[in-house]
Amino acid sequence: MTRVIEWIISLLIVIALFVVIGLFLPASRTVSHSVETNRPMSTVNDILSSFTRFKDWNALINHDPRMQLTASGPESGVGAALAFSSSQHSIGSGKWEIKEIVPGEKIVYALDTPGRGKNKTMTFRFERTGQRNQNIEITQRYSVDYGYDLLGRYAGTLYVNSEVGADIKRGLTKLSNLLATIPRFDYSQHEPGFEIAELPAQNVLLVTTAAKRANDDIALAMTNQRKWIDQVMEKNELEPAGPMRIVTNEFGSDSYAFDVVMPIRRKGTGPAAPAAADGEAGEAAEAVAEAAPAPAPAVDPNAPLETFEVEVEGPVVYAQLPAMRVAKSSYVGPSPGLARIRDLVRAWALVRGHEPTDRPFEEYLGEIKDMLAEDAEFNVYWPVVVPGVDAPAPRVIAPLPEDEAAEPAPAAEEAEAEAAAA
């Protein structure tokens, strides 16, 4: 009996010590780590204010690559949420939800995760550092309240730094590596912005060419190859089905290799031109209709693309381009500025989880001779895929006959003479 009493007294002493020590332990815990990046604030903000690239910057997926992730709410911003569910008991199920965003300052997530504690938050704070404040220090901080949950206080003391802290370090390393893959361009100030669009499959005529990286040389190369294309369209009773495209193959320091591409359709199969008025107004309307091809009529995107019998000449190739998903923007200004817009489009797409593939291209909404004007207009595209969802669309190109030489079209001699005179 004495031993039983001694055992009970010892147990009570242990319990009392446990309670007393627990009451002196912190009722809340925080752990934080930092990393620095030289990427623009817009890139950092957009990646962390959305769950589109969550698997690429968060360490949660490292514990169970097969866990299920389900997004809800808006694609980005306050209210965007991501629920996770793992078959591993140590991970369980839970949710991250964006509760507050102060652009350029902080992003706050509310966490509903297994384990003791409440009011769990993960906060990312941003502070400009380095010379001219061109770098950003990203501090990730986890906070949890235990209140009078003594077991939670012990767990927080023993495990938060070692477990949650380790995940924060791994996550910041992943985030730093992800940011390093995104071009260092601030797209936040570009107007009118960006979008993801779907382009239908198209019949095209194209010519591959190259020129020195001088505006006059590039314009002359475009003009020469466009004359070849116009000649083939006239011969085969075809007409433009949209604006001319310039596809970048190689943008070097001394030379520029590109394709001149013209979407085509059978002559007369486009939308009917508006009825011309009498007199000078009617003549002006006809001139506009001839100068700018009407847009292609709406077609069923699932319908097979009609194949044309095209008799090509010189360097011209007849091709069928597949339907594609593209990141798109527009640009007004001299054509040398297009290189920067291409980089902005690529950076914007990567931040949102769309992988740029193939080659970027532009639609010239005006004449080649006006491409250096301040009011020249262009649409800029970069084909993209969503990794794990899309497969890159193949290019379907008719081969160039081996005996064809890429010589200037006869009509191009006039353009060369004009350029020399200028």
I'd like to check the ring-ring contact (aromatic ring centres under 6.0 Å, His included) partners of Phe84; sequence neighbours left out, ordered by chain and number.
none
Around atom CZ of Arg141, are there more than 12 heavy atoms of other residues, nucleotides or ligands at under 6.0 Å?
no
If you count the non-hydrogen atoms of other residues, nucleotides and ligands that lie under 6.0 Å from CD in Gln189, is the total more than 12?
no
Side-chain (Asn236) to main-chain (Glu311) donor-acceptor, under 3.5 angstrom:
yes
Which value, rounded to the nearest 0.5 Å, describes the distance between Leu220 atom CG and Thr209 atom OG1?
9.0 Å
dist Asp230:CG -> Met244:CE (nearest 0.5 Å) comes out at 10.0 Å
Please work out whether the ring planes of Phe194 and Trp348 are parallel, tilted or perpendicular, with thresholds of 30° and 60°.
parallel
Is the side chain of His190 donor-acceptor paired with the backbone N or O of Ser330 at a distance under 3.5 Å, no angle test?
yes
Does the side-chain contact (heavy atoms from CB on, under 4.5 Å) test come out yes or no for Val317 and Val207, once each step is laid out?
CA-CA 6 Å; Val317 174; Val207 179; over 6 Å; no
For Glu234, is the CD atom crowded, meaning more than 12 foreign heavy atoms sit under 6.0 Å from it?
no
Arg170 (side chain) donor-acceptor with Leu60 (main chain) under 3.5 angstrom:
no
Surrounding NZ of Lys267 (heavy atoms of other residues, nucleotides or ligands, distance under 6.0 Å), is the total greater than 12?
yes
Under a 3.5 Å distance rule, please check whether Thr181 uses its side chain to pair with a backbone N or O of Leu178 as donor and acceptor.
yes
Whether Thr223 side chain and Ala219 backbone form a donor-acceptor pair below 3.5 Å
yes
Interatomic spacing from NZ in Lys99 to CE in Met122 - rounded to 0.5 Å
16.0 Å
I want to check a possible cation-pi pair here: Arg245 against Phe258, using under 6.0 Å from ring centre and within 45° of the ring axis as the test.
no
Decide yes or no on side-chain contact (heavy atoms from CB on, under 4.5 Å) for Trp57 and Asn177, but give the supporting numbers first.
CA-CA 8 Å; Trp57 64 259; Asn177 292 338; over 6 Å; no
Plane angle bin for Phe124 and Tyr109 - parallel if under 30°, tilted between 30 and 60°, otherwise perpendicular:
perpendicular
Step by step, work out the side-chain contact (heavy atoms from CB on, under 4.5 Å) result for Phe308 and Leu238.
CA-CA 10 Å; Phe308 297 158; Leu238 302 170; 4.0 Å; yes
Rounded to the nearest 0.5 Å, what's the gap from CG on Leu82 to CZ on Phe54? Could you check?
5.5 Å
Below 4.5 Å, heavy atoms only, C-beta onward: do Met67 and Ser85 meet side chain to side chain?
no
Please indicate whether Lys120 has more than 12 foreign heavy atoms, meaning atoms of other residues, nucleotides or ligands, lying under 6.0 Å from its NZ.
yes
